[in-house]
Amino acid sequence: MAYCIALTTTNSEENKQALIEQILNQQLAACIQTMPIESHYVWKDELCCDNEWLLVIKTTQKNYPELEKVIVANHSYEVPQVVQIPFVDGYNPYLSWLEATTRP
């Protein structure tokens, strides 16, 4: 089984909760951690700075395509960040739990 972490951000508490509920209810991830961050970026030729929530989503690479679709469909941003970071190893009991908790 191949595992990954997906990352997305949002500047809305409501959108954060909606994304978490959609993802977990559809078993597209085993765990989602959130943390407040400050994002600096260029959007439409303007320098921007926003307080956002970072969602760190633990899942399988097999579930990533559907996870991406759910995030994009339920996100409040015009172009949300959705990226995948594969990982190749980890603590075996944790990886077994991750696999058992997500869609087969």
Side-chain angles (χ1 to χ4, degrees):
M1 175 75 57
Y3 307 96
C4 66
I5 294 171
L7 302 175
T8 192
T9 58
T10 182
N11 63 2
S12 158
E13 177 76 31
E14 294 79 19
N15 192 225
K16 176 185 80 164
Q17 283 308 123
L19 290 168
I20 290 168
E21 289 174 20
Q22 285 288 321
I23 293 164
L24 292 179
N25 285 337
Q26 294 183 49
Q27 294 183 297
L28 294 172
C31 174
I32 302 172
Q33 296 168 314
T34 64
M35 61 193 80
I37 61 169
E38 187 176 84
S39 293
H40 304 264
Y41 56 96
V42 176
W43 180 249
K44 297 186 178 179
D45 296 324
E46 289 189 32
L47 286 174
C48 301
C49 177
D50 283 321
N51 291 317
E52 293 185 300
W53 292 97
L54 173 65
L55 283 70
V56 180
I57 305 163
K58 277 60 102 21
T59 190
T60 61
Q61 288 183 1
K62 179 181 172 190
N63 283 326
Y64 177 81
E66 185 64 24
L67 172 65
E68 182 181 282
K69 287 178 189 173
V70 167
I71 292 171
V72 171
N74 292 281
H75 209 288
S76 61
Y77 289 175
E78 182 181 340
V79 181
Q81 167 191 300
V82 188
V83 296
Q84 178 191 136
I85 304 169
F87 60 93
V88 295
D89 204 2
Y91 181 55
N92 225 7
Y94 178 81
L95 297 178
S96 294
W97 170 79
L98 194 156
E99 189 172 336
T101 309
T102 57
R103 283 186 191 176

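Every heavy atom of this structure was used, including side-chain atoms; hydrogens, water molecules and symmetry mates were not. Worth saying up front: this structure is predicted, and the values here are computed from it rather than measured.
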Residue pairs involving residues 90-104 (criterion salt bridge (Lys or Arg N to Asp or Glu O under 4.0 Å); sequence neighbours excluded): none
Pairing residues for Lys16 by the salt bridge (charged side-chain N to carboxylate O under 4.0 Å, His left out) criterion, not counting sequence neighbours: Glu13
Connected via hydrophobic side-chain network under 4.5 Å: Ile5 and Leu67: no
Where Cys31 and Trp97 come nearest, the two heavy atoms and their spacing: CB-CH2, 3.8 Å
Side-chain donor-acceptor distances from residues 77-86 under 3.5 Å, at least two apart:
| from | atom 1 | to | atom 2 | distance (Å) |
| --- | --- | --- | --- | --- |
| Tyr77 | OH | Asn11 | N | 2.9 |
| Tyr77 | OH | Glu52 | OE2 | 2.5 |
| Glu78 | OE1 | Lys44 | NZ | 3.4 |

Distance-minimising heavy-atom pair for Ser12 and Asn15: OG-N, 3.0 Å
Spatial distance of atom CD (Gln61) from atom CZ (Phe87) [nearest 0.5 Å]: 9.0 Å
Leu19 vs Ile57 side-chain heavy atoms within contact, under 4.5 Å: no
Within residues 53-64 or reaching into it, pairs that qualify as salt bridge (Lys or Arg N to Asp or Glu O under 4.0 Å) - sequence neighbours excluded: none
Heavy-atom side-chain proximity of Leu7 to Val56 below 4.5 angstrom: yes
Beyond-backbone contact of Thr10 with His75, side-chain heavy atoms, under 4.5 angstrom: yes
Tyr41: ring pair (Phe, Tyr, Trp, His ring centres under 6.0 Å) partners, not counting sequence neighbours: none
Partner residues of Asn74 under the side chain to side chain donor-acceptor pair (under 3.5 Å) criterion, sequence neighbours left out: none
Sequence-distant partners of Trp43, ring pair (Phe, Tyr, Trp, His ring centres under 6.0 Å), two or more places apart: none
Thr59: side chain to side chain donor-acceptor pair (under 3.5 Å) partners, not counting sequence neighbours: none
Just distance, no hydrogens or angles: give the donor-acceptor pairs under 3.5 Å from side chains in residues 20-28, sequence neighbours left out.
| from | atom 1 | to | atom 2 | distance (Å) |
| --- | --- | --- | --- | --- |
| Gln22 | OE1 | Gln26 | NE2 | 2.9 |
| Asn25 | ND2 | Glu21 | O | 3.1 |

Shared-cluster residues of Val88, by chain and number - hydrophobic side chains joined below 4.5 Å: none
Between OH on residue Tyr64 and CD1 on residue Ile71, distance to nearest 0.5 Å: 7.0 Å
Residues which pass side chain to side chain donor-acceptor pair (under 3.5 Å) with Thr102, listed by chain and number, not counting sequence neighbours: none
Spacing of Cys4 atom SG and Asn63 atom CG [to the nearest 0.5 Å]: 8.5 Å
Tyr3 side, atom OH; Leu95 side, atom CG - distance, nearest 0.5 Å: 5.0 Å
Listed partners of Gln17 passing side chain to side chain donor-acceptor pair (under 3.5 Å), at least two apart: none
